[in-house]
Amino acid sequence: MLDARYVADHLDEVIQRLKNRSSTWESQLADLGDLASQRRQLIGTTEALAARRNAANQEMSKLAKGGDREAFALRRDELKALSAELKSEETKLSAILKTFEERLMSIPNLPHADAPVGSSEEQNRVVREWGKKPSFDFEPKAHYDLVPGLLDFERASKLSGSRFSVLWAQASRLERSLITYMLNVHTEQNGYTEVAVPYLVRSAPLEGTGQLPKFEQDLFQTKRHEDDEEPLYLIPTGEVPITNLHADEIFEPGSLPRSYCGFTPCFRSEAGSYGKDVRGLFRQHQFDKVELVCFAEAEKSEEAFQKLTADAESILQQLGLHYRVVELCTGDLGFSATKTYDLEVWLPSQGRYREISSCSLFGDFQARRAKIRYRPAVKQKPQLVHTINGSGLAVGRTLIAILEQYQEADGSVSLPAALRPLMGCDEIAGQKF
RNA sequence: GGAGGCGUGGCCGAGUGGUCGAAGGCAGCGGUUUUGAAAACCGCCGUAGUGCAAGCUACCGGGGGUUCGAAUCCCUCCGCCUCCGCCA
């Protein structure tokens, strides 16, 4: 959420910056200035009435003790009118506050000044490339045609419908090894604290990180029974529970930055992605991810963002996977992000780079929603932390990249050296089950 | 699923209708004392909104109600705990 005061005082600037995301914001924000000034005015009148009532209450307290019943009754009847007036102003005010808050909750973060301006991924900026494109003296296959039998989409469909997968034997072990490997690297080399979190959450955490209220259609919701008042949601990313671990907390001086990593499955309805990436593991309703989350002081967040991105990259590098880093343009940024680097891994079968990690700087946007603050020094006022997160990495997509980049002509795959100890073998080949 | 209990400031814990944003204690911060430390003593010590400021306002799990006035009474929702049942 943006700062209400900032929006009220700099409405034109906010509109200008949001227009870089989408031209529609200009009209959507047109009435916001009016709402903001109504809010201020009502706060003023309501508080003045409340001050009068409070003063009168002290007087009443004395009258009650003094025992002058007649004066008390007289004054009491006068105060009824004041109370009624106050109540009516409070009702108006709370309606305005609610509307204002709802509007603010649906406004995305302001793009960072550095972010390339553009309306689609065409305008994303390539920041760097790492490694070399693997070359093949045969036609490289797609991951779903490699290690035949190990990736089982028919059985998955029987169980759960489309966009689910079953992994057999060495494919399942590869998934598990990747999770372990990533967590090991982040905890042992990159300085992260590992955390295991719930996969079902209430709505408040989803509001905290920005998935709700706007993107409910992307989520799976669970009901405990028909008239469940507060359904739980399956997390669409580990970012949600991990970032919200510190909701409503104030970090003490000296306790930042904090870097957490955690493995979670992720669940996405993929509403609106019909026809996209329909084959294979690339886009699933359920996938595994190792998430990186960092809480940093405001002045140090840019630096922390660069580090977190490099930490995610370290996995790709140690696995020897060719990739590039792109900075998303303003039109491609996610709702809560002010700046995002996507790590895109090379997929030989598609002849292009595909997203395997998305690392974002949120500034204080999520912290304001989730009320995550820190005290810069003893006795100082709390301020909002900056949050940063990224995939480190999406496990299924890493599995795809390994299969494709390390494939052999016969459809088998030789494993990157880093994974061999965990896998207990040097290569994997197809097998029917 | 059945029965009961509880939600107060960083923590513990008073407060059952009237200057209560809230006693007291612990922790923390500043000081006095001390060669230094501990102890003792004194002071400070929640968050937010609004205003140029002094200040004012709000917040005792959330929402609603009663009342001139609610942390205190009523309703409702949420969360947590204990016991029983079921269960990985």
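Reminder, nothing fancy here: chain letters follow the sequence lines and each chain counts from 1.
One interatomic measurement links the two molecules: CG of A/D248 to P of B/G7, which rounds to 20 Å at whole-angstrom precision. Put simply, CG on A/L49 is 15 Å from C1' on B/C68, counting in whole angstrom units. Following rounding to the nearest Å, A/E249 (CD) and B/C11 (P) show an atom-to-atom distance of 10 Å.
Residues in residues 263-280 of chain A take part in these salt bridge (charged side-chain N to carboxylate O under 4.0 Å, His left out) pairs, two or more places apart or across chains: A/E270-A/R283, A/D277-A/R283, A/D277-A/R354. A ring pair (Phe, Tyr, Trp, His ring centres under 6.0 Å) check over residues 356-406 of chain A, counting only residues at least two apart or in different chains, returns the pairs A/F335-A/F365.
Between the side chains of A/T387 and A/Q366, a donor-acceptor pair is found at a separation under 3.5 Å. Defined by atom type and a distance below 3.5 Å, a donor-acceptor pair is missing between the side-chain atoms of A/E427 and A/S412. For the residue pair A/E216 and A/Q221, a side-chain donor N or O sits within less than 3.5 Å of a side-chain acceptor on the partner. Judged by distance alone, the side chains of A/E291 and A/Y260 never bring a donor and an acceptor atom under 3.5 Å apart. For the 3.5 Å distance criterion, the side chains of A/Q284 and A/S165 qualify, holding a donor opposite an acceptor.
Around atom CZ of A/R420, more than 12 heavy atoms belonging to other residues, nucleotides or ligands sit under 6.0 Å away.
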Practice prompt. Would you give a per-nucleotide map of nucleotides 45-59 of chain B, 5' to 3', where B means the base has a protein non-hydrogen atom under 4.0 Å away, S means only the sugar-phosphate does, and - means neither?
Written response: --SSBSS----BBS-
Contacts table for residues 197-209 of chain A: side-chain donor-acceptor under 3.5 angstrom, sequence neighbours left out:
from, atom 1, to, atom 2, distance (Å)
A/R202, NH1, A/E230, OE1, 3.1
A/T209, OG1, A/P205, O, 3.0
A/T209, OG1, A/Q211, OE1, 2.7

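Nucleotide B/G46 forms a Watson-Crick or G-U wobble pair with B/C59, both donor-acceptor distances falling under 3.5 Å. With both pairing distances under 3.5 Å, B/G24 is matched to B/C12 as a Watson-Crick or G-U wobble pair. Across all strands shown, B/U19 forms no Watson-Crick or G-U wobble pair with both key distances under 3.5 Å. Across the strands present, B/A54 finds no partner; the criterion is a Watson-Crick or G-U wobble pair with both atom distances under 3.5 angstrom. Across the strands present, B/U34 finds no partner; the criterion is a Watson-Crick or G-U wobble pair with both atom distances under 3.5 angstrom. For B/G1, the paired base is B/C84 (Watson-Crick or G-U wobble, both distances below 3.5 Å).
Rounded to whole Å, the separation between the C1' atoms of B/G51 and B/C56 comes to 9 Å. Straight-line distance between the P atoms of B/G30 and B/A39: roughly 15 Å, to the nearest whole Å. For B/A70 and B/G63, the P atoms lie 15 Å apart once the distance is rounded to whole Å. A gap of 11 Å separates the C1' atoms of B/C59 and B/G9, to the nearest Å. Across the C1' atoms, B/G79 and B/U8 are found 16 Å apart, a figure rounded to whole Å. Rounded to whole Å, the separation between the P atoms of B/A14 and B/C84 comes to 28 Å. Rounded to whole Å, the P atom of B/A27 lies 28 Å from the corresponding atom of B/G21. Using P as the reference atom, B/G61 and B/U67 are 23 Å apart when rounded to the nearest Å.
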Kindly give the atom pairs (protein nitrogen or oxygen, nucleotide nitrogen or oxygen) under 3.5 Å for nucleotides 17-23 of chain B.
from, atom 1, to, atom 2, distance (Å)
B/G18, O2', A/S61, OG, 2.3
B/U19, O2, A/Q58, OE1, 3.4
B/U19, O2, A/Q58, NE2, 3.4
B/U19, N3, A/Q58, OE1, 3.4

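Residues satisfying the side-chain hydrogen bond (donor to acceptor under 3.5 Å, both in side chains) criterion with A/Y192, sequence neighbours excluded, are A/D311.
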